[in-house]
Structures are given as structure tokens and as C-alpha cells.
Amino acid sequence: MTAAKPESLPIVDLTPGPDADQRIAAEIGRAAREVGFFFVTGHGIPATLIEEVFSESARFFALPEAAKLKQSIRHSPHNRGYVAMQGESLDPSQPADLKEAFNIGLDLAADDPRVVAGEPFRGVNLWPEIVGWRDTMLTYFDAVWSVGRRLHRGVAIDLGLAPDHFEDKLDQPMATLRLLHYPPQPSSAAAGQIGAGAHTDYGDVTLLLTDEVGGLEVQTRAGDWITVPPMPGTFVCNIGDCLMRWTNDVYVSTPHRVINRGSDRYSVAFFLDPNPDASIACLPTCVTDERPARYAPTTGAAYLADRLARTYDFLDKAADA
Ligand SMILES: O=C(O)CCC(=O)C(=O)O
Ligand SMILES: [Fe+2]
């Protein structure tokens with residue numbers, strides 16, 4: 001595997017102030033077009049909440065496997081719950097990822113009409129029996145969702161759309177808060193087996209918090225892998241395939257991977273995908289004579305279902321083999 005060089009990423013500072021909207025939009029626009037990855041500072045989420053999310057996450061992953069499997073994602077038709085070690089492969093051409101994860105979606109009640117009707121991505125969350133755990137995760141879910149919407153305000157301004165263009169497409173989103181745990185890379189790992197195989201994210205934006213261990217690597221346009229330095233408390237944000245499609249490839253979704261060369265590593269990802277019924281058609285300001293629309297219109301739900309099927313398909317084939 002090629003050695004990665006350390007390099008920093010552009011910074012988007014969400015600190016409010018005079019002309020902040022324009023400045024933020026320009027910072028996002030530049031980073032999203034050129035790199036597809038950037039740090040987000042000034043987000044306003046209290047450090048105490050972030051610390052609590054990490055400690056509660058570690059508490060869950062420290063439970064015996066049998067306890068964690070009570071909330072297995074296999075019990076959820078809606079992508080919620082626990083994904084066991086080596087339970088998926090973000091790069092389907094490589095062996096399974098050396099990580100375990102826990103997915104939390106928009107929190108709906110069992111009697112919510114959308115849940116009762118069996119709408120795609122409209123399910124109940126699965127919760128471990130740890131006092132206070134659900135409250136911590138839902139408080140953080142709301143806080144990071146709000147940061148994601150602020151980023152979309154910048155995206156809209158940068159793309160010459162009304163600042164609130166994305167608001168009604170992100171008010172019932174298919175968002176996933178994903179807690180991740182990567183054990184140290186074992187010497188027994190198969191060739192090509194790493195923490196998270198090279199992939200692009202599926203949604204609009206991902207907001208990632210990492211601990212001090214490091215291990216996230218990003219592929220530059222030139223094809224080199226660079227390591228992202230750990231910046232606890234600062235988000236690493238990247239553009240996903242859905243926003244790339246929406247912007248007719250004006251913004252770029254960039255491949256990345258995780259190789260844990262250190263001790264146990266914990267990260268917390270928030271994938272912000274649009275509402276299931278949001279129309280994903282190339283935005284008018286991103287279509288010109290020189291750049292005609294490259295993608296047929298689809299919906300948020302149809303797009304995400306297709307992408308998830310490809311990731312988990314690997315698993316089913318492996319289990320059948
Ligand atoms: O854990 C990380 O640093 C990145 C995880 C990631 O890229 C993903 O889950 O999509
Ligand atoms: Fe990712």
C-alpha cells in the first residue's frame with residue numbers, strides 16, 4: 001500500500017459575524033470544488049457534548065459481543081443498529097473492514113405514520129440498555145444536523161441559489177449518526193484489509209469527528225494519498241456523491257480510507273442525506289451549454305437505497321460463500 005504524506009485541508013470557519021454568510025459560502029465553494037474535504041471550525045457544539053458522545057460510544061463498544069448483537073443491524077430493515085467487526089466492506093473489491101459501528105437515524109416513534117406505512121428509511125432506532133445513552137446521542141444528532149444545514153446554506157449561496165434552498169430538502173433527512181471503533185491493525189490482517197476500505201460517501205455532506213489516533217487518508221486529484229492530521233473537536237467534512245450529482249459534478253466527492261496504525265481508534269461520523277422524497281436533479285445553476293446535465297433526476301431514497309445495496313451486497317455474498 002502506498003505511503004501517505006501528511007498534509008492539511010482547507011478550513012471553513014462557521015463563526016458568525018458581519019459578512020459571515022458570504023465568507024463561509026466562498027470558503028465552502030472553493031474547498032468543495034477543489035478538494036471535496038475540509039475542516040470545519042467555529043461550529044459551536046460544546047466540547048463537553050463531544051466528549052460525552054465519545055465516552056458513551058466507547059462504553060457501548062466495550063460491551064460483550066452478545067450484548068451488542070441484541071441491537072444488530074440485521075434486526076433493522078432501516079439501516080439502524082450495530083454492525084459487527086468485519087460486517088461490511090466499503091471497498092467491495094477488498095476484504096471486510098476492520099471496524100465495528102453503530103447507526104442511529106432520525107428518531108421516529110413506532111406509531112409514526114411513516115414507520116407504520118413501512119416507508120423506506122423510516123424506521124425506529126435500536127437502543128442499547130445504557131442509562132442516558134439515547135439522550136446523549138439524540139442531543140448530538142440534532143446539534144450536528146444543524147451544522148449540516150448551516151453548511152448547506154453556504155452551498156446554496158455559493159451556487160447562486162436562495163440561501164434557504166436546501167432547508168425543505170433536509171428537514172426530515174435520511175441522516176445517519178454512525179459511531180465507529182477501529183481496533184489496532186492486527187498482524188493477521190489479510191492483504192488489502194484495513195479499517196475502512198477506499199470509498200466515497202453517499203450523501204450530501206459527512207461531518208466527522210475523530211480522536212487523536214489518526215488514520216484517515218484522503219486521495220488527492222493527482223491520485224496521491226494524504227493523511228489527515230487528527231484535530232479533536234474540529235469536524236472533517238467531505239462532499240458525498242449525492243451532492244456531487246446534485247451539483248452536476250461542480251463539487252467533488254473524494255475517495256478516502258482508514259488505516260489504523262495506532263491504538264484503538266474511535267470516530268463519530270454524521271452522514272447527511274436529503275429527505276427521501278427530495279428531487280435530486282442537477283441544480284439549474286450548475287447546468288450550462290458547456291456542462292449539460294450529466295445525470296437523470298432521481299429521489300433521495302432511490303439514490304441511497306441503490307448505494308447501500310452495493311455495500312451490503314458484499315456481505316450477503318460473503319455469508320453465502
Ligand atoms: O472513521 C473515519 O475516520 C472515517 C469513516 C468513513 O469514512 C466512513 O465511515 O464513511
Ligand atoms: Fe467515508
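One-based numbering, in listed order, for ligands and for the atoms of each. Counting begins at 1 with the first residue of the sequence.
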*From CA spacing to verdict: side chain to side chain contact (heavy atoms under 4.5 Å, CB included), Val83, Phe102*: CA-CA 6 Å; Val83 181; Phe102 193 95; over 6 Å; no
Donor-acceptor contacts under 3.5 Å from residues 24-43 side chains, at least two apart:
{"from": "Glu27", "atom 1": "OE1", "to": "Asp13", "atom 2": "N", "distance (Å)": "3.0"}
{"from": "Glu27", "atom 1": "OE1", "to": "Arg23", "atom 2": "NH1", "distance (Å)": "3.4"}
{"from": "Glu27", "atom 1": "OE2", "to": "Arg23", "atom 2": "NH1", "distance (Å)": "3.3"}
{"from": "Arg33", "atom 1": "NH1", "to": "Gly29", "atom 2": "O", "distance (Å)": "3.3"}
{"from": "Arg33", "atom 1": "NH1", "to": "Asp158", "atom 2": "OD1", "distance (Å)": "3.3"}
{"from": "Arg33", "atom 1": "NH1", "to": "Asp158", "atom 2": "OD2", "distance (Å)": "2.6"}
{"from": "His43", "atom 1": "ND1", "to": "Ile45", "atom 2": "N", "distance (Å)": "3.0"}
{"from": "His43", "atom 1": "NE2", "to": "Gly233", "atom 2": "O", "distance (Å)": "2.7"}

*For atom 3 (O) of ligand 1, what's the nearest protein heavy atom and its distance?*
Arg265 NH2, 2.8 Å
_Please list, in number order, the atoms of ligand 1 under 4.0 Å from a heavy atom of His256._
7 (O)
_Can you name the atoms of ligand 1, numbered from 1 with element, that are less than 4.0 Å from a heavy atom of Val258?_
1 (O), 2 (C), 3 (O), 4 (C)
*Say whether, by atom type as modelled, one donor and one acceptor occur between the side chain of Asp112 and the main chain of Arg114 under 3.5 angstrom.*
yes
*Please report the C-alpha distance between Tyr266 and His181 in whole Å, then the side-chain angles of each, then the deciding distance to 0.1 Å, and finally whether the ring-ring contact (aromatic ring centres under 6.0 Å, His included) criterion is met.*
CA-CA 5 Å; Tyr266 296 87; His181 168 224; 4.7 Å; yes
_Could you check whether any side-chain heavy atom of Arg294 comes within less than 4.5 Å of a side-chain heavy atom of Arg245, counting everything from C-beta outward?_
no
*ligand 1-proximal atoms of Thr206, by part, heavy-atom distance under 4.0 Å*: neither
*At a 4.0 Å threshold, what atoms of ligand 1 neighbour a non-hydrogen atom of Ser267?*
1 (O), 2 (C)
*So is His199 close enough to ligand 1, meaning a heavy atom under 4.0 angstrom away?*
yes
*To the nearest 10 degrees, could you say what angle the Fe ion (ligand 2) makes with NE2 of His256 and NE2 of His199?*
90°
*How far is atom 5 (C) of ligand 1 from its nearest protein heavy atom, and which residue and atom name does that atom have?*
Tyr182 OH, 3.4 Å
*asked:* Please give the atom name: the N, O or S atom of Asp201 nearest to the Fe ion (ligand 2).
replied: OD1
*Residues Lys68, Glu100: salt bridge by 4.0 Å N-O rule*: yes
_Does ligand 1 come near enough to Arg178 that some N or O of the ligand is less than 3.5 Å from an N or O of the residue?_
no
*Is it true that Lys99 lies under 4.0 Å from ligand 1, counting heavy atoms only?*
no
*Heavy-atom nearest neighbour in the protein, as seen from atom 9 (O) of ligand 1, with distance rounded to 0.1 Å*: Phe271 CZ, 3.6 Å
*Short N or O distance, Asp201 and ligand 1, threshold 3.5 Å exclusive*: yes
Just distance, no hydrogens or angles: give the donor-acceptor pairs under 3.5 Å from side chains in residues 269-278, sequence neighbours left out.
{"from": "Asn275", "atom 1": "OD1", "to": "Asp171", "atom 2": "N", "distance (Å)": "3.2"}
{"from": "Asn275", "atom 1": "OD1", "to": "Gln172", "atom 2": "N", "distance (Å)": "2.9"}
{"from": "Asn275", "atom 1": "ND2", "to": "Asp168", "atom 2": "O", "distance (Å)": "3.1"}
{"from": "Asn275", "atom 1": "ND2", "to": "Asp171", "atom 2": "OD1", "distance (Å)": "2.7"}

*Distance only, no hydrogens: is a donor on one side chain within 3.5 Å (strictly under) of an acceptor on the other, for Arg178 and Asn103?*
yes
*Please step through salt bridge (Lys or Arg N to Asp or Glu O under 4.0 Å) for the pair Asp91 and Arg257, ending with a clear verdict.*
CA-CA 9 Å; Asp91 178 352; Arg257 67 187 181 192; over 6 Å; no
